[in-house]
Amino acid sequence: METWYFIDSKDQSPAYNMALDEKLMDWHREGTIPPVVRFYGWNPPTLSVGYFQHIEKEINMEAVKAHGLGFVRRPTGGRGVLHDDELTYSVIVSESQNAMPDTVTEAYRVISQGLLEGFRNLNLQAEFSIPRSKEEKDRLKRPRSAVCFDAPSWYEMIVEGRKVAGSAQTRQKGVILQHGSIIRSVDVDKLFDLFLYKSDRARERMQKGFHKKAAAINELTEAPVSMNDIKQAFRKGFEKGLDIHLKEYALEAGQKEQVKDLMEKKYDSEAWNFKW
């Protein structure tokens, strides 16, 4: 059984969260640290967009500001995510790591086994989403909505047919970063305020359909679940799902300075966040 590092960053700024994920990739690539599982939250609540998203075409920035949200572009793909009442996770691991498949899709399956076990620790019978028909696969290539939780992708988590976790992945110079959202509760009106639509009717239709496609943990459990319980469930879930032992790790002073530097140069800059 391998030992990986575990970091609980708690609530941090959007720029910090993305900068630390990127620096963890760098340090792992350099051999400074082993693979890492990281948990974190967002202060303030934040809209993150995928690397390839076009802000002017898809995002209502006036609503982002009106709701007092942070904003950041992720280094990973995918669609817009409102990070509010959730546990965000990231996994940083080398492509050459034991049992890590070559393809992005199959790597999702391996890493997401930790999510599967985490939901089961909360007594939720989660299963993998596996698009089977050509129509379902085509929909993944051409999503109808800019909202991440509008539909599940390969090997994302569903409970009772509804998406319960959204994830995105990137590979850079031999290292995989997969991060994603485990939603405890969601304000659907606020979420749908943040995107642009062809018409009010289109928004109404999408928002009405959202309840059938996605669910938060506290919608599915008999009693509300605390964030501490969620963290414990998913820490154990990653250990079981990936067959690893997680050892707590705290950043050194020099590492903190590197994260701060990357925040200022990249993730706090308009050049990065609005580049498309």
Just by distance, do the side chain of [X] and the backbone of [Y] share a donor-acceptor pair under 3.5 Å?
{"X": "Y267", "Y": "N273", "answer": "no"}
{"X": "T221", "Y": "P224", "answer": "no"}
{"X": "E257", "Y": "G254", "answer": "no"}
{"X": "W4", "Y": "P34", "answer": "no"}

- Message: List the residues meeting salt bridge (Lys or Arg N to Asp or Glu O under 4.0 Å) with E2, not counting sequence neighbours, and say none if there are none.
- Response: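 So E2 forms no salt bridge (Lys or Arg N to Asp or Glu O under 4.0 Å) with any residue.
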- Query: What residues, two or more places apart in sequence or in another chain, satisfy salt bridge (Lys or Arg N to Asp or Glu O under 4.0 Å) together with D243?
  - Reply: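 Not a single residue meets the salt bridge (Lys or Arg N to Asp or Glu O under 4.0 Å) criterion with D243.
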- Should T170 and Y51 be marked as a side-chain contact (heavy atoms from CB on, under 4.5 Å) after you check the CA-CA gap, both sets of side-chain angles, and the distance that decides it? CA-CA 10 Å; T170 186; Y51 180 79; over 6 Å; no
May I ask you to decide whether [X] forms a salt bridge with [Y], counting only side-chain N to carboxylate O separations under 4.0 Å?
{"X": "E270", "Y": "K275", "result": "no"}
{"X": "R201", "Y": "E204", "result": "no"}
{"X": "K190", "Y": "D193", "result": "no"}
{"X": "R184", "Y": "E86", "result": "no"}
{"X": "E248", "Y": "R235", "result": "yes"}
{"X": "D200", "Y": "R203", "result": "no"}
{"X": "R171", "Y": "E95", "result": "yes"}
{"X": "K266", "Y": "E22", "result": "yes"}

Could you tell me whether the side chain of [Y] reaches within less than 4.5 Å of the side chain of [X], counting heavy atoms only?
{"X": "V91", "Y": "Y89", "result": "yes"}
{"X": "I176", "Y": "I111", "result": "yes"}
{"X": "D189", "Y": "L191", "result": "no"}
{"X": "L194", "Y": "I59", "result": "no"}

- Item | Pairs flagged by ring-ring contact (aromatic ring centres under 6.0 Å, His included) wherever residues 14-33 is involved - sequence neighbours left out |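 Non-adjacent pairs meeting ring-ring contact (aromatic ring centres under 6.0 Å, His included): zero.
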On a heavy-atom basis, which atom in [X] and which in [Y] lie closest, and how many Å separate them?
{"X": "K212", "Y": "R162", "answer": "O-CG, 3.3 Å"}
{"X": "G77", "Y": "A168", "answer": "O-CB, 3.4 Å"}
{"X": "D21", "Y": "S90", "answer": "OD1-OG, 2.9 Å"}
{"X": "A15", "Y": "D268", "answer": "CB-OD1, 3.3 Å"}

- Query: For I7, which of I33, L24, L246, I92 qualifies under side chain to side chain contact (heavy atoms under 4.5 Å, CB included)?
  - Reply: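 Result: among I33, L24, L246, I92, L24 is the only option passing the side chain to side chain contact (heavy atoms under 4.5 Å, CB included) with I7.
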Would you say the rings of [Y] and [X] are close, in the sense that their centroids are separated by under 6.0 Å?
{"X": "Y40", "Y": "W42", "answer": "yes"}
{"X": "F71", "Y": "F274", "answer": "yes"}
{"X": "F238", "Y": "F6", "answer": "no"}

- Task: Applying side-chain contact (heavy atoms from CB on, under 4.5 Å), run through V225 and N218 and close with a yes or a no.
- Result: CA-CA 6 Å; V225 182; N218 280 346; 3.7 Å; yes
- Task: Given side-chain contact (heavy atoms from CB on, under 4.5 Å), test S167 with Y108 step by step and report yes or no.
- Result: CA-CA 9 Å; S167 300; Y108 262 119; 3.9 Å; yes
In this structure, would [X] and [Y] fall into the same cluster of hydrophobic residues linked by side-chain contacts under 4.5 Å?
{"X": "F234", "Y": "V36", "value": "no"}
{"X": "L87", "Y": "V159", "value": "yes"}
{"X": "M157", "Y": "L220", "value": "yes"}
{"X": "F52", "Y": "L196", "value": "no"}

- Verdict with reasoning, F210 to F192, per ring pair (Phe, Tyr, Trp, His ring centres under 6.0 Å): CA-CA 10 Å; F210 181 82; F192 276 82; 5.3 Å; yes
- Task: Under the side-chain contact (heavy atoms from CB on, under 4.5 Å) rule, what do V110 and L242 come out as? Steps first, then yes or no, please.
- Result: CA-CA 7 Å; V110 171; L242 299 179; 4.2 Å; yes
